[in-house]
Amino acid sequence: MPRAAVTSRPDADPFAAVADPSLRALAERGVLRRYRRGTILIQEGDTGDTLFVVLSGRLRVFSSGGDGAREREVTFNVHGPGECVGEMALDGGPRSASVIAVEPTTCAMVTRATLREQIARDPDLALGLIARVIRRARLATESARGMATLDVYGRLVRRLEALAVAGADGARRVPEGTTHALLASEIGCSREMVSRLMKDLVRGGYVALEGRRIVLLKALPRSW
C-alpha cells in the first residue's frame with residue numbers, strides 16, 4: 001500500500017468541519033496533508049509523535065495478524081471530518097493500531113510538542129482529548145461484549161444501525177464506502193458471511209442498495 005503523502009494547498013477554510021473550537025485551534029497549528037485512498041498514515045508497532053485531525057475524507061483504524069496465509073484484519077473504527085486519530089501514541093509508545101485512508105483525505109498533522117504547547121494555552125483541549133479516549137474505550141468494551149454475546153447476524157444488525165443516518169424520506173442510509181469487507185472486519189467474520197446475510201435482508205425487503213450505499217428501509221429483525 002502507498003505510504004506517501006502530499007502537502008495540500010489550503011482552501012478558503014480547510015478547518016470548517018472541525019466544530020470543536022479547541023480541536024480547531026490545535027488543527028490550525030498543524031501541517032495540512034492530503035492523502036490518497038489506500039495511503040497508510042500510521043503503521044501498527046511503529047513509534048510516532050504525531051496525531052491527525054481529519055478535515056475531509058475518512059480514516060480507518062485497524063489491526064492485522066495471522067500466520068501469513070491466513071492474515072486477517074480487525075477494524076476498530078472509521079473516523080471522519082472533525083475527529084482525530086493517533087493521540088494515544090503521544091506518550092512515546094508504539095502505535096497500537098494502523099490507520100489507512102479509505103478515500104481521499106485531508107488532515108492537519110500535529111506534533112507532540114505542538115500539542116503540549118496548545119494544552120498549556122487551552123486546558124479544555126486536554127479535557128476534550130481525554131473524553132475522546134474514554135468514549136473509544138467504552139466502544140471497545142461494547143464491541144468485546146458483542147463478540148462474546150451476539151451471533152454474527154446480531155453483530156451485523158448492531159453495526160448497521162450504529163452507522164445508519166436517517167434521511168428526510170425516513171430511510172436510514174449507511175455512509176458510502178461501507179463495503180461488505182469493511183463490515184466483516186468490524187464484526188469479526190468473513191466477507192462471504194456478510195454478503196450472504198445482506199442478500200437475505202435485501203430479499204426480505206429490509207435493506208436496499210442505492211448506488212454504493214446501503215439503505216435500511218425498515219426495522220431489522222432481531223434474529224434471522
Within the 4.5 Å heavy-atom criterion, are [X] and [Y] side-chain neighbours or not?
X	Y	value
Arg58	Thr178	yes
Met109	Thr114	no
Ile40	Val99	no
Arg29	Arg121	yes

Open item on the list: So which atom in Leu55 and which in Pro81 form the shortest heavy-atom distance, rounded to 0.1 Å?
Closed with: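 Taking every non-hydrogen atom into account, O-CB, 3.7 Å.
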TODO: Measure across Ala27 and Phe15 and return the closest heavy-atom pair with its distance rounded to 0.1 Å.
DONE: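 Taking Ala27 first and Phe15 second, the nearest heavy atoms are O-CE2, 3.4 Å.
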Counting N and O atoms only, with roles assigned by atom type, does the side chain of [X] sit under 3.5 Å from a partner on the main chain of [Y], one being a donor and the other an acceptor?
X	Y	result
Ser195	Arg191	yes
Arg112	Asp49	no
Thr106	Ser56	no
Arg155	Ile187	yes
Glu83	Gly80	yes

Open item on the list: Could you go through Val31 and Arg33, starting from their C-alpha distance and side-chain angles, then the distance that decides it, and tell me whether this counts as side chain to side chain contact (heavy atoms under 4.5 Å, CB included)?
Closed with: CA-CA 6 Å; Val31 177; Arg33 297 279 185 173; 3.9 Å; yes
Task: Check against side chain to side chain contact (heavy atoms under 4.5 Å, CB included), Leu160 and Arg172 - done: CA-CA 10 Å; Leu160 289 174; Arg172 294 175 295 160; over 6 Å; no
TODO: Would you please test Val207 and Leu220 for side chain to side chain contact (heavy atoms under 4.5 Å, CB included) and show each step?
DONE: CA-CA 8 Å; Val207 169; Leu220 301 178; 3.9 Å; yes
Open item on the list: Regarding Glu176 and Arg212, does a basic nitrogen lie under 4.0 Å from an acidic carboxylate oxygen?
Closed with: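 Here Glu176 pairs with Arg212 in a salt bridge, since their nearest N and O are under 4.0 Å apart.
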Open item on the list: Check this for me: does any side-chain nitrogen of one of Arg132 and Glu87 sit under 4.0 Å from a carboxylate oxygen of the other?
Closed with: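 Not counted as a salt bridge, because no side-chain N and carboxylate O are separated by less than 4.0 Å.
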Task: side-chain hydrogen bond (donor to acceptor under 3.5 Å, both in side chains) partner of Arg60, chosen from Glu103, Glu73, His79, Glu186 - done: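 Single side-chain hydrogen bond (donor to acceptor under 3.5 Å, both in side chains) partner of Arg60 among Glu103, Glu73, His79, Glu186: Glu73.
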